[in-house]
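Data first, discussion second: the structure below is written as structure tokens.
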Amino acid sequence: MKKPLTFEITHVCKQSGARTGILHTPHGDVETPMFMPVGTQATVKFLSPEELYALGAGVVLANTYHLWLRPGEKIVRQAGGVQKFMNYNGPMLTDSGGFQVFSLADTRKIEEEGVTFKSTLNGDKLFMSPEVSIQVQNAIGADIMMSFDECIPYPASYEYAKKSMERTLRWAKRGKEANQNPETQALFGIVQGGDYQDLRYACAKELVDMDFDGYAIGGTSVGEDKETMLRMVGWSVDHLPLEKPRYLMGVGAVNDLLEAISYQIDMCDCVLPTRIARHGTLMTSHGRINIRKAIYKDDFTPLDEACDCYCCKNYTRAYLNHLFRCNEGFGMRLMSIHNIRFLIRLMEQARKAIKEDRFNDFKNDVLTNMKFDERGF
RNA sequence: GGGGAGGUAGCGAAGUGGCUAAACGCGGCAGACUGUAAAUCUGCUCCCUCAGGGUUCGGCGGUUCGAAACCGUCCCUCCCCA
């Protein structure tokens, strides 16, 4: 059977064990480890596809739940798939709706068959199962699809984490069997199991037995501390095959990304850079700043003199401060461009360091020189 | 000249005898944000030696146990007619 996705490891860092690779997708090749910007509603908020190419965005995410509700997967299919619909010709990945099981917890009910959501748009009763999620993702047509899982909150009891993880495994199997496009759309399984070693191990092993195109680590970045997150990542990764791509879901703080790479993580996505940009918080090589602050009102220096993005090359902090205070969309756009470019460039630098067998040095330099606080951005 | 409306914290605007240092919005000052219900959310925003105290609602005077609110007077804005 033709494979929709192949993964090639190009180097393993002698210092750290971190690796670089190339992900070959139907919409092109991308280098790993990489950061993937999130475009939930078939758009990375405020950014055009041209800007995404310019940023070096490898893979862009879209969201199954949100596109299912609006405009509906049939429209996306009629458009010729999500890439045609949004005019983005690079590789794309759809999250399954599993995160909405977590983020929309107040308005949903989980059962073995699937999850009943109360529509966030009009209150309609909606039912998403592993089969529905895959059908919708088949219609959306992204290069990589995710299994429909339950992203559980932290903390969760052992009993609940176990019950949920076992159900997520059954859902993964059902989703895989429901996939109509196994030769053109890759499907990843998602390791769950909360903060419990044996559950993470068991989940990973079962998923590997099912043979997915890649494996994701889910259930992190849901309120736990950094130490806990890394513990969960470590356990999840222990029993995953080295030759398959590994995707740590929902991680985008600088220190988290660098730690993830140490665990041979190849892909990360996060709304963090775009969300905080819209809220006026920017990642810079000297740490985090909030452009709203009065001290930037007459600061005519670039946001980050070390950055090569369109925003930093052409505009000042004073101008960004002004645009933010005026609530101008162009400010949102410039700041989104910067934050995404900041993380993508960080990953470019990480890849270079890996290839030069000095990733640990690189990581330590970044974490000390950038003066990032506990949050890591 | 005649008639009418009104002056409340940086701005707009509620409040028309005690529950009011005074709603709410804006502005300002901070904080949060990790597979996006997020251009969102939270806190603070008269002064001070701040679990307390001080001084306020155009000015002055009065009524009252008590006034931003009631009365008198003065000042100032805006609208209509001439």
Side-chain angles (χ1 to χ4, degrees), chain A residues 35-47 59-67 69-70 93-108 117-123 126 133 137 142 144-152 154 188 190-192 216-226 229 233 247-257 259-260 265 267-283 288 290-297 321 323-336 339 343 373-377:
Chain A
F35 176 78
M36 309 184 285
V38 181
T40 302
Q41 316 243 36
T43 174
V44 178
K45 296 184 195 297
F46 285 100
L47 301 191
V59 174
V60 171
L61 260 72
N63 183 276
T64 302
Y65 172 87
H66 291 287
L67 294 179
L69 262 64
R70 187 169 55 185
L93 179 153
T94 39
D95 186 29
S96 60
F99 184 70
Q100 279 61 45
V101 178
F102 164 76
S103 66
L104 304 177
D106 294 342
T107 55
R108 55 80 176 138
F117 289 96
K118 188 177 174 186
S119 165
T120 41
L121 294 180
N122 57 20
L126 302 164
S133 176
Q137 293 189 74
I144 301 170
M145 303 184 291
M146 301 304 299
S147 292
F148 186 59
D149 64 331
E150 182 193 358
C151 178
I152 63 169
Y154 176 86
F188 282 25
I190 304 175
V191 182
Q192 291 289 352
I217 293 106
T220 64
S221 300
V222 289
E224 78 282 10
D225 55 75
K226 301 280 181 190
M229 189 190 89
V233 171
Y247 164 26
L248 178 56
M249 307 185 79
V251 162
V254 170
N255 56 0
D256 294 343
L257 289 170
E259 296 295 350
I265 296 293
M267 311 155 69
C268 285
D269 79 288
C270 200
V271 305
L272 193 67
T274 43
R275 179 180 291 168
I276 68 174
R278 274 177 274 121
H279 300 168
T281 302
L282 289 319
M283 302 171 180
R288 186 176 55 142
N290 192 321
I291 202 65
R292 170 187 57 192
K293 290 167 88 79
I295 46 169
Y296 301 120
K297 219 168 177 175
N321 174 278
L323 291 180
F324 187 77
R325 284 169 186 264
C326 296
N327 197 28
E328 285 290 343
F330 188 51
M332 310 285 174
R333 180 166 152 205
L334 288 174
M335 295 191 287
S336 297
N339 271 355
L343 291 185
D373 60 20
E374 165 67 12
R375 286 163 297 189
F377 60 88

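Naming convention: chains lettered A, B, ... in sequence-line order (proteins, then strands); numbering from 1 in each chain. Here the structure is a predicted model, which is why all the values come from computation and not from measurement. Excluded from the calculations below are hydrogen atoms, water molecules and symmetry mates; all remaining heavy atoms, backbone and side chain alike, are included.
As a whole-Å value, the separation of A:Phe148 CZ from B:G35 C1' is 13 Å. Between the CG atom of A:Asn290 and the P atom of B:C41 there is a distance of 16 Å, rounded to whole Å. In this structure, A:Phe46 atom CZ and B:A38 atom P are separated by 13 Å, rounded to whole Å. For A:Arg275 and B:G35, the CZ to P distance is 6 Å, given to the nearest whole Å. Residue A:Met335 contributes atom CE, which lies 12 Å from atom P of B:A39 at whole-angstrom precision. What separates CZ of A:Phe99 from P of B:U34 is a distance of 7 Å, to the nearest Å. Rounding to whole angstrom units, CG of residue A:Leu282 and P of B:C33 are separated by 16 Å. Rounded to whole Å, the distance from OH on A:Tyr65 to P on B:U36 is 12 Å.
At least one side-chain heavy atom of A:Ser96 sits less than 4.5 Å from a side-chain heavy atom of A:Asp149. Counting heavy atoms from C-beta outward, A:Leu323 and A:Met335 have side chains that stay 4.5 Å or more apart. Counting heavy atoms from C-beta outward, A:Gln100 and A:His66 have side chains that approach closer than 4.5 Å. The shortest side-chain heavy-atom distance between A:Leu61 and A:Thr40 does not fall under the 4.5 Å cut-off.
With the nearest nucleotide of RNA chain B identified for both A:Ala62 and A:Met332, A:Ala62 has the one nearer the 5' end. Nearer the 5' end of RNA chain B, as judged by each residue's closest nucleotide, is the contact made by A:Gln192, out of A:Gly329 and A:Gln192.
Contact check, A:Thr120 against B:A37: no side-chain N or O comes under 4.0 Å of OP1 or OP2. A close approach under 4.0 Å does not occur between any side-chain nitrogen or oxygen of A:Thr281 and OP1 or OP2 of B:C33. Remark: A:Gln100 is not in phosphate contact with B:G35, judged by side-chain N or O atoms under 4.0 Å from OP1 or OP2.
Among the atoms of the strands shown, base atoms are found under 4.0 Å from some heavy atom of A:Ile190. Residue A:Gly219 is classed as a base contact, given a heavy-atom separation below 4.0 Å to a base.
The pairing partner recorded for B:A37 is none, the criterion being a Watson-Crick or G-U wobble arrangement whose two distances lie under 3.5 angstrom. Base-pair partner of B:C44: B:G28 (Watson-Crick or G-U wobble, both distances under 3.5 Å). Look at B:U49: it lacks any Watson-Crick or wobble partner with both distances under 3.5 angstrom. Under the Watson-Crick and G-U wobble criteria, each requiring two contacts below 3.5 Å, nucleotide B:G72 is paired to B:C60. Applying the Watson-Crick and G-U wobble criteria (two distances, each under 3.5 Å), B:A67 pairs with nothing in any strand. Figure legend. B:G1 is base-paired to B:C81; pairs are counted as Watson-Crick or G-U wobble with both atom distances under 3.5 Å. When both distances must be under 3.5 Å, the Watson-Crick or G-U wobble mate of B:C19 does not exist.
Of the candidate nucleotides B:A39, B:U34, B:A37, B:A37 has the atom lying nearest to any side-chain atom of A:Thr107. Side-chain atoms of A:Asp256 lie closest to B:U34 of the nucleotides B:G35, B:U34, B:U36.
Minimum interatomic distance between A:Gly280 and A:Asn290 (heavy atoms only, all atoms of both residues): O-OD1, 3.1 Å.
For the C1' atoms, the distance linking B:A67 with B:G2 amounts to 34 Å, nearest Å. Rounded to the nearest Å, the gap between the C1' atom of B:C60 and that of B:C11 is 27 Å. B:C65 and B:C47 are spaced 35 Å apart, taking the P atom of each and rounding to whole Å. Here, B:A68 and B:G61 have their P atoms 14 Å apart, quoted to the whole Å. B:G43 and B:C33: their C1' atoms are spaced 15 Å apart (whole Å). Spacing between B:G35 and B:G52 at atom P, rounded to whole Å, works out to 43 Å. Nucleotides B:G31 and B:U8, compared at atom C1', are 31 Å apart to the nearest Å. As rounded to the nearest Å, B:G54 and B:G58 have C1' atoms that lie 22 Å from one another.
In this structure A:Ser119 satisfies the side chain to side chain donor-acceptor pair (under 3.5 Å) test together with A:Asn122, sequence neighbours excluded. Partners of A:Thr94 under the side chain to side chain donor-acceptor pair (under 3.5 Å) rule, at least two apart in sequence or in another chain, are A:Gln137.
The aromatic ring of A:His279 sits over the base of B:U40, with ring centres less than 5.5 Å apart and planes inclined by under 30°.
One N or O donor and one acceptor, one from the side chain of A:Thr274 and one from the base of B:U36, sit under 3.5 Å apart. Side chain A:Asn63 to base B:U36: no donor-acceptor pair is found below 3.5 Å.
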Could I get a table of every N or O pair under 3.5 Å where one atom is in the protein and the other is in nucleotides 25-29 of chain B?
from	atom 1	to	atom 2	distance (Å)
B:G28	OP1	A:Arg325	NH1	3.1
B:C29	OP1	A:Arg325	NH2	3.2
B:C29	OP2	A:Arg325	NH1	3.0
B:C29	OP2	A:Arg325	NH2	3.2

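Taking a 6.0 Å sphere around CZ of A:Arg70, one finds it holds 12 or fewer heavy atoms contributed by other residues, nucleotides or ligands.
Between A:Phe117 and A:Tyr65, the ring centre distance stays below 6.0 Å.
Atom CG of A:Leu272 sits about 7.5 Å away from atom CZ of A:Phe35, to the nearest 0.5 Å.
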